[in-house]
Q: 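This is the structure, below, for whatever I ask next.
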Amino acid sequence: MGVLRLSGCIFCAIAAGEIKSQLLYEDDQVLAFRDINPAAPVHFLVIPRRHIASVLDLDPGDADLVAQIHVVIGKLAADLGLADMGFRVVVNTGEVAGQTVGHLHYHVLGGRELGWPPG
Ligand code: 5GP
Ligand code: ZN
């Protein structure tokens, strides 16, 4: 399967190994790494290797990929000690939600109290 690469995309560059990250997990479809500017004691990102701009660009053919992202989220959250206390998964989409990187990414945040509703 080819890996679509968007020139200038920072997360495509991380997936290609051109920009270093604190990698937590990788397989042929999915990558997980620590957020460079953590908003909680544990804060990592899970992304598809292939460039997908946001959830708005997913289609039914991506169902296995999305399932794998969720499996990786659960496994890493447990490995990093978040299972008992709980954690939050966030997918900012578009300008109002504060999406700053146009490559689909799932934030996983934990290790502190998380207020609700988010700002
Ligand atoms: P967004 O605001 O799009 O929902 O989240 C983008 C996230 O990517 C931010 O939390 C930001 O700190 C993180 N980020 C941006 N550039 C890099 C980078 O080069 N490396 C890593 N590890 N995280 C990054
Ligand atoms: Zn990308």
Side-chain angles (χ1 to χ4, degrees):
M1 190 176 71
V3 174
L4 180 61
R5 175 75 201 283
L6 196 72
S7 140
C9 173
I10 199 157
F11 287 176
C12 280
I14 286 176
E18 294 165 7
I19 292 179
K20 283 209 178 84
S21 69
Q22 288 185 52
L23 204 60
L24 296 171
Y25 175 86
E26 67 177 325
D27 63 28
D28 57 346
Q29 289 204 99
V30 169
L31 207 74
F33 51 90
R34 292 195 191 267
D35 196 290
I36 203 169
N37 183 23
V42 177
H43 184 181
F44 63 90
L45 304 171
V46 184
I47 69 168
R49 214 173 252 291
R50 174 165 58 94
H51 184 86
I52 297 172
S54 84
V55 286
L56 295 168
D57 301 285
L58 290 168
D59 66 42
D62 296 316
D64 286 351
L65 169 66
V66 173
Q68 175 63 358
I69 287 171
H70 281 252
V71 169
V72 170
I73 287 170
K75 184 184 172 352
L76 285 178
D79 287 353
L80 294 171
L82 299 179
D84 287 345
M85 143 180 226
F87 59 94
R88 183 168 294 160
V89 181
V90 174
V91 184
N92 294 322
T93 305
E95 203 180 325
V96 157
Q99 183 179 5
T100 58
V101 177
H103 181 132
L104 177 63
H105 50 283
Y106 289 64
H107 293 261
V108 183
L109 299 138
R112 65 166 171 83
E113 283 293 324
L114 297 164
W116 190 264

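Positions are given from 1, in the same order as the sequence printed here.
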Q: Heavy atoms only: give me the nearest Arg5-Cys12 pair and the separation to one decimal.
A: NE-CB, 3.3 Å

Q: Check Leu104 against Ser54 and note the closest heavy-atom contact, atom names and distance.
A: CD1-C, 4.0 Å

Q: What is the distance from atom CG of Leu109 to atom CG of Asp35, rounded to the nearest 0.5 Å?
A: 8.0 Å

Q: What class does the angle between the rings of His70 and Tyr106 fall in, given that below 30° is parallel, 30 to 60° is tilted and above 60° is perpendicular?
A: perpendicular

Q: According to a hydrophobic-cluster definition based on side-chain heavy atoms being under 4.5 Å apart (Ile, Leu, Val, Met, Phe, Trp, Tyr only), do Leu31 and Ile36 belong together?
A: no

Q: For Ala40 versus Gly110, what's the shortest heavy-atom pair and its separation?
A: CB-O, 3.5 Å

Q: Checking Met85 against Val42 for the side-chain contact (heavy atoms from CB on, under 4.5 Å) test, could you report, in this order, the C-alpha distance in whole Å, the side-chain angles of both residues, the deciding distance, and whether it holds?
A: CA-CA 12 Å; Met85 143 180 226; Val42 177; over 6 Å; no

Q: Tell me whether the centres of the aromatic rings in Phe11 and Phe33 are closer together than 6.0 Å.
A: yes

Q: Do Val90 and Leu82 share a hydrophobic cluster, counting only Ile, Leu, Val, Met, Phe, Trp and Tyr and linking them when any side-chain heavy atoms are less than 4.5 Å apart?
A: no

Q: Hey, are the side chains of Val108 and Arg88 touching, using non-hydrogen atoms and a 4.5 Å cut-off?
A: no

Q: If only side-chain N and O atoms count, and only distance matters, is there a donor-acceptor pair under 3.5 Å linking Asp27 with Gln68?
A: yes

Q: Determine whether Asp79 and Tyr25 make a side-chain contact, defined as any pair of heavy atoms from C-beta on separated by less than 4.5 Å.
A: no

Q: Nearest 0.5 angstrom please: Lys20 NZ to Ile14 CD1, how far?
A: 12.0 Å

Q: Are side-chain heavy atoms of Leu65 and Ile52 found at a separation under 4.5 Å?
A: yes

Q: Is Val101 close to Leu45 at the side-chain level, that is, under 4.5 Å between some pair of heavy atoms?
A: no

Q: Closest heavy-atom contact between Gln99 and Ala53?
A: NE2-O, 3.1 Å

Q: Quick one: are the ring centres of His103 and His105 less than 6.0 Å apart?
A: no

